[in-house]
Amino acid sequence: MPDPESSPAPVHRPDPEPSPEPSDEHSHGHGGGHGHGHGHGGKRGWVARAGRLIAPHGHDSLDKTDAALESSSRGLRVLAVSFAVLMVTAAVQAVIVVRSGSVALLGDTLHNVADALTAVPLAIAFSVGRRAATRRFTYGYGRAEDLAGIVIVLIIAATAGLAGYEAVNRLVDPRDISAVGWVAAAGVVGFLGNEWVARYRIKVGREIGSAALVADGLHARTDGFTSLAVLLGAGGSALGFPLADPIVGLLITVAICFVLRDAAREIYHRLMDAVDPGLVDQAEAVLRTVGGVRRVGSVRLRWIGHALHAEVEILVGHDLTLLQAHALAVEAEHRLIHEMPRLRAATVHTDPYDPSGADHHAPLNSHRIT
């Protein structure tokens, strides 16, 4: 989740009363949001750089598309690299499993293979999410990441079931393991490979706002610690306690179940449009800094893929002209997109602030969901 404490971009405060006409620099409709998400200072494509030579601070569809493609490309790059690292790690462990017969190492190897395979649905989701919105999918295809998250949860659950089954079988029919030193070495290899992948996935996932990628990184981190648990099984077997190996296999299964719980909760929150309450507080604080905003109404935020979208209400002077109220809405939207992390689009609704207390939404009150 984004850090609500992120330092905001420099604020350019408007005059106390908005000008009747929005300036050329920001003259765009606010209803659908312009959502450029162009964090200043980040790397941009040569097309976007050329565009800024013509319009140094424009917020058109080119900016939005460039930011979306850049974040998706980073996600795909992370998935490709981590897939390769984990498959190499699992291959090394699989060779030692065949030679040693360690069920604990088998469980860890299966876990690493499953972790590598979670890159496949995520890669598909990132690729699909790059497609432009259509008249049917008007918000685009960002939700494909949430669907990929469900697939990841199912893969983790299947891994837990298979590892637990093998461990129970070995408890019922205990067998000695061979090549104990190689088993211990395989556990260390598994830890190093998973920890590197975990740091890489979590870092980029948080930077681009992808809950699925962060969850996958946390999954890899737990895999690393379960790899270290293989050392306990190898040590027990070396000391003449053959049940140590399947017992460690069961402990690894329990650890996988904890990962399953955390990943399922993360994806559930995204599917239910949950956001960090600190983001709502930050959005309200930003809106209050806009000159001419008398009060902030409702603020709704949601994640669509790894992009944040907002729908907000602001109360402005009831005696403003239509052009003045529109200019205020544009300024509010512009401020939000600059100062909110990974916010791609904002829809700003203006309500008249009437000292008489008149309810300008009275005809709609019976239709509102409470």
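A quick note: this is a predicted structure, and the numbers were derived from the prediction, not measured.
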Asks: Test your reading of the model: is there a side-chain donor-acceptor pair from Gln93 to the backbone of Ala186, 3.5 Å cut-off?
Replies: yes

Asks: Side-chain heavy atoms nearer than 4.5 Å, only ILVMFWY residues, links allowed to pass through others: does that put Val128 and Val151 together?
Replies: no

Asks: Looking at every heavy atom in both Arg201 and Leu86, which two are closest together, and how far apart are they?
Replies: NH2-CD1, 3.8 Å

Asks: Hey, could you give me the CG/OG1 distance between Leu320 and Thr350, rounded to the nearest 0.5 Å?
Replies: 9.0 Å

Asks: Distance check, rounded to the nearest 0.5 Å: Leu301 atom CG versus Leu343 atom CG?
Replies: 7.5 Å

Asks: Show the numbers, then the answer: is there a side chain to side chain contact (heavy atoms under 4.5 Å, CB included) between Trp196 and Val81?
Replies: CA-CA 11 Å; Trp196 186 89; Val81 173; 3.5 Å; yes

Asks: Nearest heavy-atom pair of Leu328 and Gly292: which atoms, and what distance?
Replies: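 Answer, listing the atom of Leu328 first, then Gly292: CD1-O, 3.6 Å.
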
Asks: To the nearest 0.5 Å, tell me how far Ile267 CD1 sits from Glu145 CD.
Replies: 9.0 Å

Asks: Strictly distance-based, threshold 3.5 Å: is any side-chain N or O of Thr138 a donor or acceptor partner for the main-chain N or O of Arg135?
Replies: no

Asks: Do the side chain of His309 and the main chain of Ala345 share a donor and acceptor less than 3.5 angstrom apart?
Replies: no

Asks: When you look at Ile152 and Leu154, which way does the side chain to side chain contact (heavy atoms under 4.5 Å, CB included) test go after all the steps?
Replies: CA-CA 5 Å; Ile152 290 171; Leu154 294 176; over 6 Å; no

Asks: Give, for atom CZ of Arg335 and atom CD1 of Ile337, the distance between the pair rounded to the nearest 0.5 Å.
Replies: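 One gets 12.5 Å once the value is rounded to the nearest 0.5 Å.
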
Asks: Hey, is CZ on Arg261 packed in by over 12 heavy atoms from elsewhere, all under 6.0 Å?
Replies: yes

Asks: Taking atom CG of Leu105 and atom CG of Leu110, what is their separation to the nearest 0.5 Å?
Replies: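 These two atoms lie 9.5 Å from each other.
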
Asks: Any side-chain heavy atom of Arg302 sitting closer than 4.5 Å to one from Leu308?
Replies: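 Heavy-atom side-chain distance check fails, nothing below 4.5 Å.
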
Asks: So, for Ala148 and Ala125, which heavy atoms are closest and what is the spacing to 0.1 Å?
Replies: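 Closest approach of Ala148 to Ala125: CB-CB, 3.7 Å.
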
Asks: Step by step, work out the side chain to side chain contact (heavy atoms under 4.5 Å, CB included) result for Val168 and Leu250.
Replies: CA-CA 7 Å; Val168 171; Leu250 284 177; 4.0 Å; yes

Asks: Please report the closest heavy-atom contact between Glu207 and Arg342, naming both atoms and the distance.
Replies: O-NH1, 3.0 Å

Asks: Can any side-chain N or O of Gln282 pair as donor or acceptor with the backbone N or O of Glu339 at less than 3.5 Å?
Replies: yes

Asks: Write down the atom of Gly193, the atom of Thr89, and the distance for their closest heavy-atom approach.
Replies: CA-OG1, 4.0 Å

Asks: Using 0.5 Å steps for rounding, measure from the CH2 atom of Trp303 to the CG atom of Leu271.
Replies: 15.0 Å

Asks: Which of parallel (below 30°), tilted (30 to 60°) and perpendicular (above 60°) describes Phe137 and Tyr141?
Replies: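 Rings of Phe137 and Tyr141: tilted, 30 to 60°.
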
Asks: Is it true that Glu266 and Arg270 have a side-chain N and a carboxylate O under 4.0 angstrom from each other?
Replies: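 Between Arg270 and Glu266 there is no salt bridge, as every charged N stays at least 4.0 Å from the carboxylate O atoms.
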
Asks: Please report the shortest heavy-atom distance between Ala123 and Leu76, naming the atom on each side.
Replies: O-CD2, 3.4 Å

Asks: Applying a strict under-4.5 Å side-chain criterion to I, L, V, M, F, W and Y, I'd like to know whether Val316 and Val286 cluster together.
Replies: yes

Asks: Does one hydrophobic cluster hold both Leu315 and Val299, with members joined at side-chain heavy-atom distances below 4.5 Å?
Replies: no

Asks: Shared ILVMFWY cluster between Leu336 and Val275, side chains joined below 4.5 angstrom?
Replies: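 Linked, Leu336 and Val275 end up in one cluster.
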
Asks: Take Val78 and Leu213, measure what side chain to side chain contact (heavy atoms under 4.5 Å, CB included) needs, and give me the verdict at the end.
Replies: CA-CA 9 Å; Val78 169; Leu213 190 55; 4.3 Å; yes

Asks: Got a sec: does the OH of Tyr200 have more than 12 other heavy atoms crowding it under 6.0 Å?
Replies: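 Counting neighbours around OH of Tyr200, more than 12 heavy atoms of other residues, nucleotides or ligands fall under 6.0 Å, so yes.
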
Asks: Are Arg294 and Asp319 close enough for a salt bridge, meaning some N to O gap below 4.0 Å?
Replies: no

Asks: Following the transitive rule for hydrophobic clusters with a side-chain heavy-atom cut-off under 4.5 Å over Ile, Leu, Val, Met, Phe, Trp and Tyr, establish whether Val296 and Val348 coincide in one cluster.
Replies: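 Same cluster: Val296 reaches Val348 through Ile, Leu, Val, Met, Phe, Trp or Tyr contacts under 4.5 Å.
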
